[in-house]
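Beneath this line is the structure, given in structure tokens, with notes to follow.
All values derive from a computational prediction rather than experimental measurement. By convention in this document, chain letters (A, B, ...) are assigned in the order of the sequence lines, proteins followed by strands, and residues within each chain are numbered from 1. Side-chain atoms are counted along with the backbone in the values below, which use heavy atoms only and exclude waters and symmetry mates.
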Amino acid sequence: MLNLKFIQENPELVIERLAVKRFDARVIVEKVIALYKRRNEVQSESEIQKAEMNRLSKEIGQLFKDGKSSEANSAKEKTVELKDQIKNFEIEFDAIESELAQLQVLLPNLPSPLVPIGKGAEDNVVVATGGEMPVLPEGAKPHWELAAQYDLIDFELGVKITGAGFPVYKGFGARIQRALINFFLDQARENGYLEVQPPYLVNEASGFGTGQLPDKEGQMYHDKTDNLYLIPTAEVPVTNIFRDVIVEAKDLPIKTAAYSACFRREAGSYGKDVRGLNRLHQFDKVEIVRIAHPDKSYESLDEMVAYVQSLVEKLGLPYRILRLCGGDMGFTSAITYDFEVWSAAQERWLEVSSVSNFESFQATRLKLRFREEGHAKPQIAHTLNGSALALPRIVAAILENYQTTDGIRVPKVLVPYLGGCEIIR
RNA sequence: GGAGAGAUGGCAGAGUGGUCGAUUGCGGCGGUCUUGAAAACCGUUGUACCGAGAGGUACCGGGGGUUCGAAUCCCUCUCUCUCCGCCA
């Protein structure tokens with residue numbers, strides 16, 4: 001969330017930048033400014049009275065100690081009115097605070113100046129492409145047909161056990177999942193990321209910290225008995241490792257990677273977009289998260305984009321990198337790069353990664369700070385994350401792009417992870 | 001699920017109604033000594049908000065209450081630990 005003081009000092013900037021995200025912030029910003037001003041007045045007033053109250057209390061204590069109880073009792077009477085006034089100020093102050101907090105979470109993050117103007121997906125800017133388009137054999141099939149033909153993934157069985165969007169992976173289908181997870185984690189480790197295994201259920205505070213709550217409850221599975229949420233991405237538990245933490249500047253950037261299953265309710269999706277592996281309620285993903293110095297967070301972003309790019313290149317998949325336009329960006333992001341791989345039989349691009357700099361937006365909610373050498377005052381850090389990578393669409397693209405009339409070839413980098421198997425028949 | 005104990009500063013651990021933002025130890029930082037280091041000694045060391053500043057206010061797990069005054073008393077919630085039960 002945006003810092004209140006920042007909003008108050010830069011109202012026009014906030015309104016102007018949020019217009020890029022096609023968000024009209026004027027009314028909220030004006031309310032925030034008015035409330036913030038009143039909040040400070042109330043605080044100052046009540047603190048003067050509290051100071052007086054503290055002074056009187058000490059005096060009364062001293063009078064009792066000196067045995068001057070009649071003087072003490074008359075001093076007590078003076079506190080009655082004061083107490084009342086303090087109480088009133090506190091009620092008003094609390095009301096203002098909660099109203100401010102509610103307004104504050106309505107404002108999305110400011111997009112970086114690098115973000116292109118635009119309405120939706122069609123306005124995203126392709127910043128890089130790579131890999132070679134495969135030449136498919138006659139009668140090439142989409143991945144869901146291949147998955148059935150080679151008995152790799154059973155979608156109907158998943159429906160029986162759970163429901164749509166919860167496939168059962170079998171044989172090489174299961175092994176290729178495991179191979180990809182291990183490959184991605186090994187790559188991350190070699191690139192200096194600390195591997196962690198986070199919980200898959202998180203509490204409300206964690207959901208709030210990364211921006212899923214309030215507001216996006218509908219996207220997460222929720223266990224009401226214990227009030228816990230199934231994670232939609234490892235970003236949530238991993239970033240929350242750093243909630244209420246002050247780190248040393250010399251330790252930045254902090255690089256963390258985690259594999260997790262991800263759970264998304266994805267209400268309202270249908271049609272070819274959700275066919276096969278294109279969109280699932282449960283899927284696997286390796287996520288990378290960074291805590292960065294504010295001066296260096298864009299350097300970190302570039303490194304993360306280059307890293308994800310190296311993964312899709314090693315897998316030999318044709319890809320493109322998009323810089324999302326304002327209208328297509330998420331609520332919490334300052335800038336986002338999407339990676340898409342070409343799914344040759346479906347003849348469409350599939351999003352497999354999203355790499356974002358959140359700047360101070362999440363860190364403000366998380367109270368994630370860092371301290372420069374010495375006794376410097378803690379400052380808000382920057383957070384970033386990216387998928388590296390999400391499995392299902394990678395599997396879809398591998399199945400489709402690597403299909404031959406003899407079977408499905410295994411990308412070279414995965415062969416060692418599949419016990420030397422070079423082709424799935 | 002049953003019974004009990006507990007939650008205090010980076011960590012350990014005092015503090016049961018007043019001058020306590022909080023004894024002390026460890027750790028961290030600075031210094032003395034040393035060729036250097038260790039040891040020893042001295043000093044220093046929480047966060048947030050308001051304020052131009054001086055300074056003020058708040059915070060001892062969260063919330064509420066009693067009181068002129070609460071880390072300390074009362075209520076409530078959450079969490080942790082121990083034992084029993086169940087269990088991968």
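Ionic pairing of A:Lys160 and A:Glu156 is not present here: no N-O contact between side-chain nitrogen and carboxylate oxygen is shorter than 4.0 angstrom. Between A:Lys250 and A:Glu372 there is no salt bridge, since no side-chain N of the basic residue sits under 4.0 Å from a carboxylate O of the acidic one. Under the 4.0 Å criterion applied to side-chain N and carboxylate O atoms, A:Glu9 and A:Lys5 are not assigned as salt-bridge partners. With salt bridges taken as basic N to acidic carboxylate O contacts below 4.0 Å, none links A:Asp84 and A:Lys87. In this structure, A:Lys50 does not pair ionically with A:Glu47, as no charged nitrogen and carboxylate oxygen lie closer than 4.0 Å.
For A:Lys50, whose side chain is taken as the heavy atoms from C-beta onward, the closest listed nucleotide among B:C68, B:C50, B:A58 is B:A58. Among B:A58, B:G56, B:G51, the nucleotide with an atom closest to any side-chain atom of A:Glu47 is B:G56. Of the candidates B:U19, B:C68, B:C50, the closest approach to any side-chain atom of A:Arg39 belongs to B:C50. Nearest to the side-chain atoms of A:Lys5 among the listed nucleotides B:C50, B:A48, B:G65 stands B:C50. The side chain of A:Ser44 approaches B:C50 more closely than any other nucleotide in the set B:C50, B:G65, B:C68. Distances were taken from every side-chain heavy atom of A:Pro378 (C-beta onward) to each of B:G65, B:C49, B:A48; the shortest belongs to B:A48.
Figure legend. B:G85 is base-paired to no nucleotide; pairs are counted as Watson-Crick or G-U wobble with both atom distances under 3.5 Å. Pair assignment for B:A39: none, as no Watson-Crick or G-U wobble contacts are both less than 3.5 Å. In this structure, B:C60 makes no Watson-Crick or G-U wobble pair, since no nucleotide meets both defining distances under 3.5 angstrom. Across all strands shown, the partner of B:A5 is B:U80, judged by Watson-Crick or G-U wobble contacts whose two distances both fall under 3.5 Å. For B:C26, the paired nucleotide is B:G10, the pair qualifying as Watson-Crick or G-U wobble because both relevant distances are below 3.5 Å. With both pairing distances under 3.5 Å, B:U19 is matched to nothing as a Watson-Crick or G-U wobble pair.
Atom CG of A:Asp244 is separated from atom C1' of B:C59 by 13 Å (rounded to the nearest Å). Taking atom CD of A:Glu90 as the reference point, atom C1' of B:G65 lies 14 Å away to the nearest angstrom. A:Met53 places its CE atom 15 Å from the C1' atom of B:A58, with the value rounded to the nearest Å. Atom CD in A:Glu248 sits about 13 Å away from atom C1' in B:G27, given to the nearest Å. One can place CZ of A:Phe89 at 15 Å from P of B:A58, the figure rounded to the nearest angstrom. Atom P of nucleotide B:C79 and atom CG of A:Asn203 are separated by 10 Å, given to the nearest angstrom. Atom CD in A:Glu59 sits roughly 21 Å away from atom P in B:U67 (whole-Å rounding). Between the CD atom of A:Gln43 and the C1' atom of B:C49 there is a distance of 5 Å, rounded to whole Å.
With 3.5 Å as the limit, one finds no donor-acceptor pair spanning the side chains of A:Asn3 and A:Thr364. Side-chain atoms of A:Thr336 and A:Ser333 include a donor-acceptor pair closer than 3.5 Å.
Separating the C1' atom of B:U45 from that of B:A7 is a span of 24 Å, rounded to the nearest Å. Rounded to whole Å, the P atom of B:C29 lies 30 Å from the corresponding atom of B:C20. The same atom, P, is picked in B:A48 and in B:G10; the two are 12 Å apart, to the nearest Å. A gap of 14 Å separates the P atoms of B:U80 and B:U8, to the nearest Å. Comparing B:G1 with B:U23, their P atoms are spaced 41 Å from each other, to the whole Å. Only the P atoms considered, B:C26 is 16 Å distant from B:A38, to the nearest whole Å. When the C1' atom is used for both B:U47 and B:G43, the distance is 23 Å, rounded to whole Å. With C1' as the reference atom, B:G17 and B:C86 are 45 Å apart, rounded to whole Å.
Cation-pi geometry between A:Arg178 and A:Tyr417 is not satisfied (NZ or CZ under 6.0 Å from the ring centre, within 45° of the ring normal).
When heavy atoms are screened at a 4.0 angstrom cut-off, A:Lys87 is found touching the sugar-phosphate backbone but no base atom. Heavy atoms of A:Ser57 sit under 4.0 angstrom from at least one base atom.
For B:C49, the OP1/OP2 oxygens have no side-chain nitrogen or oxygen of A:Lys367 closer than 4.0 Å. Side-chain nitrogen and oxygen atoms of A:Tyr36 include none within less than 4.0 Å of the OP1 or OP2 phosphate oxygen of B:C49. Note on A:Asn73: every side-chain N or O is 4.0 Å or more away from OP1 and OP2 of B:C68. Phosphate proximity of B:A48 to A:Arg369: present, with a side-chain N or O under 4.0 Å from OP1 or OP2.
Heavy-atom distances to RNA chain B give each of A:Asp94 and A:Ile246 a nearest nucleotide, and the one nearer the 5′ end belongs to A:Ile246. Residues A:Gly61 and A:Ala51 each lie close to RNA chain B; by heavy-atom proximity, the contact nearer the 5' end of the strand is made by A:Gly61.
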